[in-house]
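Take a look at this one; I'll ask things after.
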Amino acid sequence: MRAWHVAAPGPVTGHPLRLSTGDDVPRPGPGELLLRVLACGVCRTDLHVTEGDLTPHRPGVTPGHEVVGEVAALGEGAERADVGGRGFAVGDRAGAAWLRRTDQECKFCLRGAENLCPNSLYTGWDADGGYAEYMTVPAAYAHRLPPGYSDLELAPLLCAGIIGYHALKRAELPPGGRLGLYGFGGSAHLAAQVALAQGATVHVLTRGEQAQRLARELGAASVGGPADAPPEPLDSAILFAPVGDLVLPALAALDRGGTLAIAGIYLSDIPPLNYERHLFQERQLRSTTSNTRADAREFLDFAAEHKLAVTVHPYPLDAADQALRDLKDGRFDGAAVLVT
Ligand SMILES: [Zn+2]
Ligand SMILES: [Zn+2]
């Protein structure tokens with residue numbers, strides 16, 4: 001089968017990824033599904049894995065963790081994994097996301113915060129992901145997919161959508177509140193629609209004309225540049241851009257008691273804060289770490305009930321390296337998706 005591997009982590013302007021055409025199709029282990037990959041989203045985290053911003057966990061790993069697939073085979077006992085009331089069978093569609101496995105015995109897992117599990121494993125970082133024709137996923141961590149979406153549209157829901165949803169929860173937006181979104185790519189454009197459907201007023205602060213236009217089309221109340229001040233104080237904000245400098249204007253834009261959630265797994269350094277201007281009046285700064293399966297199910301259920309507009313840019317599997325370069329250069333709005 002064809003599969004991309006991170007051969008030498010480094011800038012995507014070089015050639016950190018290598019396409020192999022002779023890999024063996026992986027065998028599903030106990031409790032695992034073998035997926036024939038139909039579509040795989042291209043996430044900023046893949047860029048961080050490929051460029052080495054995230055410490056390599058598995059040499060030559062295949063990136064990709066927004067995977068829409070068809071179950072091609074089941075490992076021993078995989079049919080017993082209960083996902084949404086029933087197990088998977090060959091021919092079912094299934095999704096694989098970033099969270100691949102947790103220990104289910106640490107204090108975090110036991111209190112329902114498996115996203116904080118210190119023994120968690122991740123798709124496309126600890127195990128091979130979806131920049132390939134086939135991959136495996138533990139059945140208990142695979143997702144049922146909402147109806148009414150194409151494979152292309154479903155892929156970005158599986159990380160961009162889920163993480164955006166989790167970040168929105170971390171931002172503790174009050175009912176009918178004013179939300180600021182800093183950066184407007186794959187994840188933010190989905191979180192914006194969830195917030196709007198819940199009655200929020202959404203202000204978008206981002207660079208790039210295409211992203212700004214998309215924000216207006218989706219119903220943002222105002223659109224400005226990344227470091228601009230929004231037209232009114234914010235109850236909550238989410239920083240999607242991996243730019244630590246933006247923490248300052250985002251905190252300064254918060255109303256008293258407001259919360260800023262940082263959505264990404266990676267952020268450049270945050271400059272020194274001024275207590276009075278950035279934190280006093282009980283403003284809060286929070287990070288977002290991965291997601292639980294419960295978050296994922298909640299979001300996918302939401303997507304089944306509210307048709308989200310998913311802006312996608314298809315690339316053939318063989319052009320994964322180009323898709324990552326384009327993502328880095330901000331050459332498209334919405335989300336890139338590899339099609340096999
Ligand atoms: Zn755990
Ligand atoms: Zn992701």
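Keep in mind that this is a model prediction, so the values were computed, not measured. Just follow the structure's listing: the first ligand is 1, and inside any ligand the first atom is 1. The first residue in the sequence is number 1, and the count goes up from there.
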With a cut-off of 2.8 Å, does E105 place any N/O/S atom under that distance from the Zn ion (ligand 1)?
no
Name the one of D318, T340, D23 that satisfies side-chain hydrogen bond (donor to acceptor under 3.5 Å, both in side chains) with R2?
D318
In D103, what N, O or S atom is nearest to the Zn ion (ligand 1), if we give its atom name?
OD1
Check this for me, if you would: do E298 and K169 make a salt bridge, where the nitrogen-to-carboxylate-oxygen distance has to be below 4.0 angstrom?
yes
If you define the side chain from C-beta out and look only at heavy atoms, does anything of Y141 sit under 4.5 Å from E114?
yes
Round to 10° and report the angle made at the Zn ion (ligand 2) by NE2 of H65 and SG of C159.
110°
Does NZ or CZ of R144 lie under 6.0 Å from the centre of the six-membered ring of F88, at an angle within 45° of the ring axis?
yes
